[in-house]
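Read through the structure below, which is laid out as structure tokens, and then see the notes.
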Amino acid sequence: MSTRDFLEVIRERGCLHQCSDEAGFRKLTAERIVTGYIGFDMTADSLHIGNLVQIMMLRRLQQTGHRPIVLIGGGTTKVGDPSGRDEVRKLLTDADIARNMASIKATFGKFIRFGDGPSDGLMANNDDWLSKLNYIEFLRDYGRHFSVNRMLSMDSVKLRLERDQPLSFLEFNYMVLQSYDFAELARRYDCRLQMGGSDQWGNIVQGVDLGRRVGTPELFAVTTPLVTTSSGAKMGKTAAGAVWLNEDRLSHYDYYQYWRNTEDADVGRFLKIFTDLPIGEIRRLEALKGSEINEAKKVLAFEATKMCRGEKAAAEAAETARKAFEEGEAGGVLPTVSVARAQLDAGMPVWEALKLAGFASSNGEARRLVRGGGVRINDDACDDENRKISASDLTAEGIVKLSAGKKRHAVVKVA
């Protein structure tokens, strides 16, 4: 790809929401390699699928000949981004942040090429400069460029105040530090672009404005739309919790199955955003109708898993799924629910097992699932919501296979 078509690529793949100056940015990318960054705070020891759109943006930037920076928020994690929050984030210790950083760093290497070449990615840590700031000097040199009136109008602040939710002065400083990061990266690495989700627009354009006020070259902002499923659910959230990128937080099989269970209406869109398949092939796949759309879902699951976990892991997960769904096998690496022997001896309600397996988010939803006739125990239909799973249901392998519909399967075993 040329260095000129980054905006067209992300637009074609459904990832362009806003650009602060599209004509100016196109002119810049036509003239030179552009360095752009996205920041990731270290609030957990793994990123999740909710972060994947932004990781893919850095990947697209590199694929179109430009230079991506992964900014590790070692400093801003100590403050906490109030965006999208109704409560104060838990403050992490330096040891917590260091542990999370060590766990997360390897993930980026699966999506971005790092090195010393002109378009090779680099990783920076904003703690390198934020921890060295002198508070009084910082207020005099940078704080004077920020309008409190404008800061109060930002969604991340305004929504919290409207809901009468607490917003600490520490959190209120977050957008100032994020803006300073942009100016600092511009000075250190000639970084001209910051990207993020649409909820970050206010913070990013504050950085663009700060750069103008402190004399950096012109800076640019690009944001992505909020990605939700066609049913309105937040991307990357399931009844069982977040869909983690790290293998130690989520098995290859479960990661594969998340994509395999994509709603029909989302397949084409997710293929564009989360895989490198050519647009022509994606159009062919998304045009499939009826049961044939399952083939497109398998392609999506394989390609997304291959990118994050490797081709071998993707192939093994696909084979496990084939055996489980096409041959009815309960072995392999299906999701496992471990229960105490005493719990089975007393009898576990099937609706409780469904909830533990992540097939339902509430008792009521689980009961309705049973009454609807979509549940099977060891491949035998179960429509009695009062049915209990007991030790007598254990197979010769010492497990109970639990199924919800044709696609979701789990194994119950004694802990």
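Counting begins at 1 with the first residue of the sequence. What's counted below: heavy atoms across the whole structure, side chains too, no hydrogens, waters or symmetry copies.
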Item to check | Under 3.5 Å: donor-acceptor pair, side chain of R59, backbone of F111 | outcome: yes
Checklist entry - Is a donor on one side and an acceptor on the other found under 3.5 Å between the side chain of D96 and the backbone of T93? => result yes
Next on the checklist: So that I can tick it off, tell me whether K306 and E311 are bridged by a salt bridge, with the cut-off set at under 4.0 angstrom between side-chain N and carboxylate O.
Outcome noted: no
Checklist entry - After noting the C-alpha distance and the side-chain angles of H66 and S119, does the key distance pass the side chain to side chain contact (heavy atoms under 4.5 Å, CB included) rule? => result CA-CA 5 Å; H66 302 289; S119 63; 6.0 Å; no
Checklist entry - Counting N and O atoms only, with roles assigned by atom type, does the side chain of R13 sit under 3.5 Å from a partner on the main chain of K272, one being a donor and the other an acceptor? => result yes
Next on the checklist: Would R309 and Y255 count as a cation-pi pair here, with the cationic atom under 6.0 angstrom from the ring centre and within 45° of the axis?
Outcome noted: yes
Item to check | Distance (rounded to the nearest 0.5 Å) between C19 SG and F6 CZ | outcome: 9.0 Å
Checklist entry - Is a side-chain donor or acceptor of D384 paired with a backbone partner of N386 at a separation under 3.5 angstrom? => result yes
Next on the checklist: With a 3.5 Å distance limit and no angle check, can you tell me whether Q343 reaches the backbone of M348 through a side-chain donor-acceptor pair?
Outcome noted: no
Checklist entry - Hey, is the main chain of G211 close enough, under 3.5 Å, to the side chain of T216 for a donor-acceptor pair? => result yes
Item to check | L71 vs N125 side-chain heavy atoms within contact, under 4.5 Å | outcome: no
Item to check | Beyond-backbone contact of L245 with I49, side-chain heavy atoms, under 4.5 angstrom | outcome: yes
Next on the checklist: Taking atom NZ as the centre, does K110 end up with more than 12 heavy-atom neighbours from other residues, nucleotides or ligands that are less than 6.0 angstrom away?
Outcome noted: yes
Next on the checklist: Determine whether a donor-acceptor pair (N or O, by modelled atom type, separation under 3.5 Å) exists between the side chain of K355 and the backbone of W351.
Outcome noted: no
Item to check | Salt-bridge criterion met for E8 and R26 (N-O under 4.0 Å) | outcome: yes
Checklist entry - Rounded to the nearest 0.5 Å, how far apart are CG of L369 and CG of D383? => result 12.0 Å
Next on the checklist: Counting the benzene-type ring for Trp, do F302 and Y256 have ring centres under 6.0 Å apart?
Outcome noted: no
Next on the checklist: Would L61 and M195 count as a side chain to side chain contact (heavy atoms under 4.5 Å, CB included) here? Give the steps.
Outcome noted: CA-CA 10 Å; L61 189 69; M195 299 179 288; 4.1 Å; yes
Checklist entry - What pair of heavy atoms forms the shortest contact from V205 to A221, and how long is it? => result CG1-CB, 4.3 Å
Checklist entry - Relative to the ring of W259, is the ring of F274 parallel (under 30°), tilted (30 to 60°) or perpendicular (over 60°)? => result tilted
Item to check | Shortest non-hydrogen contact from L219 toward C191 | outcome: CD2-O, 3.6 Å
Checklist entry - Going by atom types alone, do S362 and R367 pair a side-chain donor with an acceptor below 3.5 Å? => result no
Checklist entry - Just wondering, do Y189 and I69 contact through their side chains at under 4.5 Å, heavy atoms? => result yes
Item to check | D276 versus Q63, side-chain donor and acceptor atoms under 3.5 Å | outcome: yes
Checklist entry - In Å and rounded to the nearest 0.5 Å, what is the OG1 to CG distance from T76 to D127? => result 9.0 Å
Next on the checklist: Test side chain to side chain donor-acceptor pair (under 3.5 Å) on Q54 and T224; report intermediate values, then the result.
Outcome noted: CA-CA 8 Å; Q54 302 312 318; T224 60; 2.8 Å; yes
Item to check | Residues which pass salt bridge (Lys or Arg N to Asp or Glu O under 4.0 Å) with E263, listed by chain and number, not counting sequence neighbours | outcome: none
Checklist entry - What distance do E286 atom CD and D264 atom CG have between them, rounded to the nearest 0.5 Å? => result 12.5 Å
Checklist entry - For K105, which residues count as a side chain to side chain donor-acceptor pair (under 3.5 Å) partner, sequence neighbours excluded? => result none
Next on the checklist: Tell me if the aromatic rings of F182 and Y37 count as close, with their centers under 6.0 Å from one another.
Outcome noted: yes
Checklist entry - Do any N or O atoms from the side chain of S103 and from the backbone of N100 form a donor-acceptor pair under 3.5 angstrom? => result no
Item to check | Electrostatic pair R188-D181, nearest N-O below 4.0 angstrom | outcome: no
Checklist outcome for this item: Rounded to the nearest 0.5 angstrom, the OG-NE2 distance for S403 and H409 is 4.5 Å
Checklist entry - Is the side chain of D393 donor-acceptor paired with the backbone N or O of S390 at a distance under 3.5 Å, no angle test? => result yes
Item to check | Closest non-hydrogen atom pair between S46 and R249, with its separation | outcome: CB-CG, 3.9 Å
Item to check | For G74 against M101, the heavy-atom pair lying closest together | outcome: CA-SD, 4.3 Å
Item to check | For the student: nearest non-hydrogen atoms of L354 and A366, plus distance | outcome: CD1-O, 3.8 Å
Item to check | side chain to side chain contact (heavy atoms under 4.5 Å, CB included) between R192 and T35, worked out | outcome: CA-CA 6 Å; R192 306 286 294 276; T35 298; over 6 Å; no
Next on the checklist: Can you confirm whether I72 sits close enough to N126 that some side-chain heavy atom of one is under 4.5 Å from a side-chain heavy atom of the other?
Outcome noted: no
Next on the checklist: I need the W201 CH2 to Q18 CD distance, nearest 0.5 Å.
Outcome noted: 4.5 Å
Next on the checklist: Between F108 and F114, does the ring-ring contact (aromatic ring centres under 6.0 Å, His included) criterion hold? Intermediate values first, please.
Outcome noted: CA-CA 9 Å; F108 292 104; F114 292 93; 7.3 Å; no
Item to check | Ring centers of F138, Y180 separated by less than 6.0 Å | outcome: yes
Checklist entry - For D45, does its backbone N or O pair with a side-chain atom of N246 as donor and acceptor, under 3.5 Å? => result yes
Checklist entry - Under 4.0 Å between a Lys/Arg side-chain N and an Asp/Glu carboxylate O for E365 and R368? => result no
Item to check | Sub-4.5 Å side-chain heavy-atom contact between L28 and F220 | outcome: yes
Checklist entry - With no hydrogens and no angle check, do the side chains of H17 and S198 hold a donor and an acceptor under 3.5 Å apart? => result no
Checklist entry - Any side-chain donor-acceptor pair under 3.5 Å between Q194 and Q178? => result yes
Checklist entry - Got R283 and I279 here, is their nearest side-chain heavy-atom distance under 4.5 Å? => result yes
Item to check | Sub-4.5 Å side-chain heavy-atom contact between N203 and Y174 | outcome: yes
Next on the checklist: Between K298 and E303, does any NZ, NE, NH1 or NH2 come within less than 4.0 Å of an OD or OE carboxylate oxygen?
Outcome noted: no
Next on the checklist: In the structure I gave you, are the side-chain heavy atoms of L16 and V222 within less than 4.5 Å of one another anywhere?
Outcome noted: yes
Item to check | Least distance between heavy atoms, A357 atom then L402 atom | outcome: CB-CD2, 4.4 Å
Checklist outcome for this item: Which of V400, I389, I399 passes side-chain contact (heavy atoms from CB on, under 4.5 Å) with N378? Answer is V400
Checklist entry - Can M307 and I55 be said to form a side chain to side chain contact (heavy atoms under 4.5 Å, CB included), step by step? => result CA-CA 12 Å; M307 191 176 295; I55 297 175; over 6 Å; no
